[in-house]
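Working notes, structure below.
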Amino acid sequence: MATTEWPEKLLEIIEDFSAAFDTSERYEMLFELADDVDELPISEWTPSTKVHGCQSEAHVLACLNEDGTFHLRGAADSKLVQGLISITAIALEGLSLAEVAIFSPTYVEEMGLKEALSPSRANGFLNMFKKVQQEAALLGE
Amino acid sequence: MATTEWPEKLLEIIEDFSAAFDTSERYEMLFELADDVDELPISEWTPSTKVHGCQSEAHVLACLNEDGTFHLRGAADSKLVQGLISITAIALEGLSLAEVAIFSPTYVEEMGLKEALSPSRANGFLNMFKKVQQEAALLGE
Amino acid sequence: MAWSSDDWPEPIALSVEDARNDFPILKRKVGDGKQLIYLDNAATTQKPQQVIDAMSEYYRNNNANVHRAAHTLASEATTAYEESRLKLKHWFGATQSRLVFTSGTTEAINLAAHAWARTNLAEGDVIVLTEMEHHADIVPWQMLAKEKGVELRWTPFDLETFELDMDAFAIAVKGAKLVACVHTSNVLGVRNPIEEIIHLTHEAGAKLILDAAQAAPHDRLNFEGLGVDMLAISAHKMGGPTGIGALIINESTFQQMEPFMGGGDMIREVHLDYSTYQENEHMLEAGTPKIAEAIGWGAAIDWMAQWDIDSVHQHGLFLAQKTVAELRKIPGMKIYGRHAEGDGAVVSFLHESLHANDLASFLDARGFAIRTGHHCAQPLLRKFNIAATNRVSYWLYNTEHEVDEFISAVNEICNKYA
Amino acid sequence: MAWSSDDWPEPIALSVEDARNDFPILKRKVGDGKQLIYLDNAATTQKPQQVIDAMSEYYRNNNANVHRAAHTLASEATTAYEESRLKLKHWFGATQSRLVFTSGTTEAINLAAHAWARTNLAEGDVIVLTEMEHHADIVPWQMLAKEKGVELRWTPFDLETFELDMDAFAIAVKGAKLVACVHTSNVLGVRNPIEEIIHLTHEAGAKLILDAAQAAPHDRLNFEGLGVDMLAISAHKMGGPTGIGALIINESTFQQMEPFMGGGDMIREVHLDYSTYQENEHMLEAGTPKIAEAIGWGAAIDWMAQWDIDSVHQHGLFLAQKTVAELRKIPGMKIYGRHAEGDGAVVSFLHESLHANDLASFLDARGFAIRTGHHCAQPLLRKFNIAATNRVSYWLYNTEHEVDEFISAVNEICNKYA
Ligand SMILES: Cc1ncc(COP(=O)(O)O)c(C=O)c1O
Ligand SMILES: Cc1ncc(COP(=O)(O)O)c(C=O)c1O
């Protein structure tokens, strides 16, 4: 998926991040975005919502909006990780399950975040993204 | 034992070696000296004549001359090692057992051979020298 | 051998500035151009240029395989390699003892478990450990316990004072065959009462293996003076290269050891149906040794030897104490450790509402390299009911200015995000 | 990960002169000013400046402990370390397999013995070896045999053709569980019929561990293509640093492995009464890894990748064959090896009346570094009823001129002293 094809809301975020002065500022934005997610409260955290291979506790739950489009809920004990979930939720919001299935996780790179993520955290992000796609696929069955 | 106190015959050898052009020449001299030892034939090699911790087979036998002074016999399968035994025999020939006991093995260094001997061979030389002194001490008991 | 400990000059008091100049990496900018402030020394220290050069020079001039060789390069390499062993023995007060090169502290402890404990301990025998141990000093003993039916006894520590329960230890050690104990905790910085532990251990007729990975960078241990039986260290935590460490072993313990790994250099004779082994340290060093690494470590010891070790220790402790005093002022911040005289320059802390990983990321974005996680000491952290701490750890090149910068960054971050 | 095998340029035919320029040590004078002629490459190769630089640069710029870290240096170090693993997997055709870093071939074979054989073999099980093995591929199996009551069967070789007795092998392998075999002999240079050995081994339902220490410098092994189960290699014999090697393991064998050494990085969770382990390669890599060494090895592979490996192989073989042809002309000189297509660039020889050590010393005084002794293969030498040979071994930087110089020196020495 080329840059121009990102969903509009994601594109805005990518532009905001690209305009950021430095990594500190990007982290600050990520931290603030954490609050925008449809938060999955700890009471709903289960082994099946857990993202494995992530340094912090992160949970995601794939849902459908009333119109049958995709909606992601999630949360993490780390606010920066929750920020990444939040962006992912924004990116995928309202897409069809077919669109979710082929969505590319490269937006973190375009946000200038990839290099700032440690290898273990980058892996964590990819694990999270893969889990979201898997759960989405299950919803479609 | 300072340089000036080396037995005359040893001193001559040290001077010859010091005058040598390079290590090749020193090895050549050592090789030739091998023939000068009162050679211990293989038939007389026993576990008690064997020098341990030496890469090649080397044997020494401490004896007394008729006048009660020291005399060394020896041999090795390596001619260069036998050359070292030969020089040692020359160095100690005719000394009293008391003199043998305090003799310093540093003559190899003065001959410019120490640095040319590999660590394992240098150890072999010291083991040989120590064995000669021990055997000499036993003769005196 | 040409080297003698007289070659070390009279040590002088640490000059942080002079020391610092020898570490090129400390001038680095990270990320988007922030000045690196390296506060992760307990994980690994940086290397002085002299160490880097010693290894490069070895490879450029003297590289050869060691032992059993009759050519000049091999002699030079062998001499340099064995000279490093000698330097280390001098440094650690172990000239009458054995020093076996390993790939690090972890392999050193595994070596002790295989070469000594596996042959000298039997079912029902007891090993005493502490709940403060690094995984490297836990897992090998668990494996042995499982294989041989050996019992592991754990010495607890106090959650307020961070000190080992020596009454419990005195009871646990009765009837034990081995005590495995960390000298200085890599999480708490606490230096354990080693002298008392050694005394009680030997009174009980047991042997002691000391994990000195964190002690070595700021303390000059006296192996024979202390009367330790086995001591494990890593080069990379004291200015030396990665890939090498050592187990120092006193003669009586060494005499009870069996070979661990088999292969070149450790054998005397190999026949198809049996083999005989070397009787010195080489018995436990199978295969081509870590030659360049040993030489680099020797250079690190030479470099360390210029500084009065007590001034090194005091400097680190001063930085740690200042850090603790400042962090305590931040609401919601908890410090794990006591930072008393003799302790290491390690400060573990955790904010009650700011996730440890987030704090580390915010700091990283500002150039600060700190460690975050369980520090390979999960049992210790579990006692505090936490899964991770943030940890800063200092070495001799860290400055008070860096501490001030660090504190001000933590304050800024906590004000903003906590 | 950023690196991909596309980053390697199309390899070109070996230019000995260009290659040689990258090795500063080859310009050295030894002893009393003689030009070094380094002919001891089977013991260890020299390192190109690129490898030395890669390690220095790592220490000067990126040094940090790897894994579980959230700071920039640690990320860089982790990426570089894991990238080296990836490069090696690509180089050895093992992208779908596991590659565990060890301290060398010796530790790799010991790892196989502990992590795989100790848990998968029981009393009465059979391991087939050859009488051509290096001690590193003998002693670990003897230790295991002694501990577990495993039987060792030896495949003989022909004293005239220097070839394994494949009929004997075909019989020995029946009912065996493991075959341990050297790819290319470090004494004879003989490349064994690996393809046939693999076929017979798998037909018998056994696993194969290949000692490729001497193969790796002049052959680009295809681990998965060949269908090997485990493969042991050393970096220092192929232009890389000391202190590192690897065991490559196919997935099915890896799945049967148990942890070997315990400690940091190889664990998942540590509790006082039990621990759980990583499920990838890290399970077998306890403690702080050989970080700089892995990076140096990666640089060596990059350096090697510029040359067409076939041209490297042919060059070495040409030098070996020329050496053999010339040495044969010397009365009383015996050659051990066949030096046929595919064989290594190793020539073992022995003069009937000139002691091997003396010849080596005479050569050393003239600047030639050759190896002399049992080459860690005493059983092989014992078959020939000798205790030592002289051995020259070439790598890609050795020139025909060096061979000529060597031959003329040997002639001169033999004329004078034999
Ligand atoms: C055939 C063979 N196997 C194993 C080894 C052992 O390698 P290392 O000493 O690097 O562990 C060698 C090196 O001498 C060898 O030539
Ligand atoms: C107390 C302690 N023990 C053991 C180790 C393990 O050292 P290495 O990883 O060098 O083997 C460490 C290092 O993290 C440590 O801090």
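Quick caveat: nothing in here was measured; it's all calculated off a predicted structure. These values consider heavy atoms only, across backbone and side chains, with no hydrogens, waters or symmetry-generated copies. Residue numbers begin at 1 in each chain, while the letters A, B, ... track the order of the sequences.
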Using side-chain heavy atoms (C-beta onward) and a distance below 4.5 Å, is [X] in contact with [Y]?
X: D:Tyr59; Y: C:Pro24; value: no
X: C:His236; Y: D:Ile291; value: no
X: D:Thr288; Y: C:Ser234; value: no

Revision key, fill the gap. Among C:Asp273, C:Val139, C:Val270, the residue with the most heavy-atom pairs under 4.5 Å to chain D is C:Val270

Check your understanding: In terms of heavy-atom pairs under 4.5 Å with chain D, which of C:Ala286, C:Ala145, C:Gly104 leads?
Key -> C:Ala286

Please classify the contact between [X] and chain D as side chain, backbone, both or neither, with a heavy-atom cut-off of under 4.5 Å.
X: C:Glu57; answer: neither
X: C:Thr45; answer: backbone
X: C:Arg391; answer: neither
X: C:Gln142; answer: side chain
X: C:Leu111; answer: neither

Residue, of [options], that accumulates the most heavy atom pairs under 4.5 Å with chain C:
options: D:Ala369, D:Ser103, D:Ala377; value: D:Ala369
options: D:Lys146, D:Met143, D:His134; value: D:Met143
options: D:Leu152, D:Asn61, D:Asn41; value: D:Asn61
options: D:Phe23, D:Phe101, D:Tyr277; value: D:Tyr277
options: D:Trp154, D:Trp141, D:Phe368; value: D:Trp154
options: D:Gly367, D:Gly31, D:Pro241, D:Gly245; value: D:Pro241

Reported [atom1]-to-[atom2] distance for the pair [X] and [Y], which is rounded to 0.5 angstrom:
X: C:Met266; Y: D:Thr106; atom1: CE; atom2: OG1; value: 10.0 Å
X: D:Thr242; Y: C:Tyr58; atom1: OG1; atom2: OH; value: 6.0 Å
X: C:Lys290; Y: D:Ile244; atom1: NZ; atom2: CD1; value: 10.5 Å
X: D:Ile267; Y: C:His135; atom1: CD1; atom2: NE2; value: 4.5 Å
X: C:Gln49; Y: D:Arg60; atom1: CD; atom2: CZ; value: 4.5 Å
X: C:Arg382; Y: D:Leu272; atom1: CZ; atom2: CG; value: 7.5 Å

Review point. Is it the case that D:Ser56 and C:Ser56 place a side-chain donor and acceptor less than 3.5 Å from each other?
Key: yes

Minimum heavy-atom separation for [X] to [Y], with atom names?
X: C:Glu269; Y: D:Gln378; value: CA-OE1, 3.1 Å
X: C:Pro140; Y: D:Gly262; value: CG-O, 3.5 Å
X: D:Asn63; Y: C:Lys47; value: ND2-CE, 3.6 Å
X: D:Leu73; Y: C:Tyr38; value: CD1-CD1, 3.7 Å
X: D:Asp40; Y: C:His71; value: OD2-NE2, 2.8 Å
X: C:Asn62; Y: D:Ile25; value: N-CD1, 3.6 Å

Practice item. State whether the number of non-hydrogen atoms from other residues, nucleotides or ligands found under 6.0 Å of C:Lys27 atom NZ is greater than 12. Key: yes

Study note, to complete from the structure: Cut-off 4.5 Å, heavy atoms of chain C, and the answer for D:Pro259 is both

Review point. Within the distance-only criterion (no hydrogens, no angle test), does the side chain of D:Asn65 pair as donor or acceptor with the backbone N or O of C:Thr44 below 3.5 angstrom?
Key: no

**Study point:** Parallel, tilted or perpendicular: rings of C:Phe260 and D:Phe260 (30°, 60°)
**Key:** tilted

Check your understanding: Can you list the steps and then say if C:Ile109 with D:Met261 is a side chain to side chain contact (heavy atoms under 4.5 Å, CB included)?
Key -> CA-CA 9 Å; C:Ile109 298 172; D:Met261 293 200 241; over 6 Å; no

